[in-house]
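First up is the structure itself, then whatever we jot down about it.
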There are 2 protein chains.
Amino acid sequence: MERRTKQREVIWRTIQQAGRPLGPQEVLKLAQQRLPNLGIATVYRTLKAFLEDRRIVVVEVPGHTPKYELADLKHHHHFVCRKCDRTFDVNDCPRGIKNMAPPGFVVEEHYVALKGICPDCRNHGAGD
Amino acid sequence: MERRTKQREVIWRTIQQAGRPLGPQEVLKLAQQRLPNLGIATVYRTLKAFLEDRRIVVVEVPGHTPKYELADLKHHHHFVCRKCDRTFDVNDCPRGIKNMAPPGFVVEEHYVALKGICPDCRNHGAGD
DNA sequence: ACCGGAATGATAACGGGTTATCAATTGTGA
DNA sequence: TCACAATTGATAACCCGTTATCATTCCGGT
């Protein structure tokens, strides 16, 4: 049966508290602040388990490997900082997107990604 | 000095006539219809050269490796078929996209990608 | 037509992100 | 507390897209 381990709890809290999509390496680094011996393999295994449980979803951003965030967030899009490479949530969505496709195309999903400079990088250096 | 070779001409014509972004393997397959002995290394080398000459640009689509298309197309977005994995151009753009980001974020670019089923896959099987 | 260097094709090597392996550790029901 | 199976951490292996290597081919100026 599935066990309740310190690793899983820490990884879960990390994702919950991040407020933005995280990649495996980001999860590792943040979670290691609470559990220094955490290994990258455990992060990958746990992300896969959370995906299967549908507690998190994959976030695909152009030019980046997959990131992960809570599955129960309401529809939103993303902003990618070209300096620190972090991804942020954008709680807005252009209307009429589905009508952009030419006739004959069946639109099932849509992705919107903004790219630029995040507030942290704009002011000082990169964020954490 | 730079030479005019059959390979480069065929690859260029392939990209021009495709009417949609192509990945290296797609370029190879299509170009081989005119030049059967074309090798994948030449495709990569030629794409890199075209990029440096700014004759083509990179097209990043979520969940896919980079594709390439003519550099002089007017602003547009893309549709990705989840069945045949081909990418198509969408000559439309939602307005007000840059205003979606929260205050403090500097938007420099934006990506819009629609995902679904293309006309070919909707009717019969996969396209070419 | 000749020559020299650019370009090509086959394929090995590379790079990074992800997964598999396995001994050691650790929850958890009894 | 015990016993055992699930989980973990370190790391080797893997996957796959891209790049490097190198002998051979082929433009193009002379």
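Throughout, protein chains are lettered first and strands after them, A, B, ... in sequence-line order, and every chain is numbered starting at 1. Below, each value reflects all heavy atoms present in this structure, side chains not excepted, and no hydrogens, waters or symmetry copies. Note that this is a predicted model, so its numbers are computed, not measured.
We find that CG of B:L47 is positioned 15 Å from P of D:dG17, with the value rounded to whole Å. What separates CZ of B:R45 from C1' of C:dT11 is a distance of 12 Å, to the nearest Å. Rounding to whole angstrom units, OH of residue A:Y68 and P of C:dG17 are separated by 12 Å.
Contact check, A:T5 against C:dT26: no side-chain N or O comes under 4.0 Å of OP1 or OP2. For the OP1/OP2 pair of C:dA7 and a distance below 4.0 Å, the side-chain nitrogens and oxygens of B:R8 include at least one atom meeting the criterion. Checking the phosphate oxygens (OP1, OP2) of D:dT7, no side-chain nitrogen or oxygen of A:T42 falls inside 4.0 Å. Put simply, A:Y44 has no side-chain N or O that comes within less than 4.0 Å of OP1 or OP2 on C:dT19. Contact between the side-chain N/O atoms of A:Q7 and the OP1/OP2 oxygens of D:dG9 is found at a separation under 4.0 Å.
Residue contacts shown for A:R4 are limited to sugar-phosphate atoms, with no base heavy atom under 4.0 Å away. Residue-level contact check: B:P36 touches neither bases nor backbone, having no heavy atom under 4.0 Å from any strand. Nucleic acid contact for B:E2: sugar-phosphate only, since backbone atoms but no base atoms lie under 4.0 Å from a heavy atom of the residue.
A:A71 and A:V57 get closest at one heavy-atom pair: CB-CG1, 3.7 Å.
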Do A:R86 and A:D120 pass the salt bridge (charged side-chain N to carboxylate O under 4.0 Å, His left out) test, and can you show the C-alpha distance, the side-chain angles, and the key distance before you say yes or no?
CA-CA 11 Å; A:R86 290 183 300 174; A:D120 283 348; 2.8 Å; yes
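Looking at A:R3, its side chain comes within 3.5 Å of the base of C:dT26 through a donor and an acceptor atom.
Side chains of B:H75 and B:H110: a donor on one and an acceptor on the other come within 3.5 Å. Side chains of B:H64 and B:H78: a donor-acceptor N/O pair is absent below 3.5 angstrom, by distance only.
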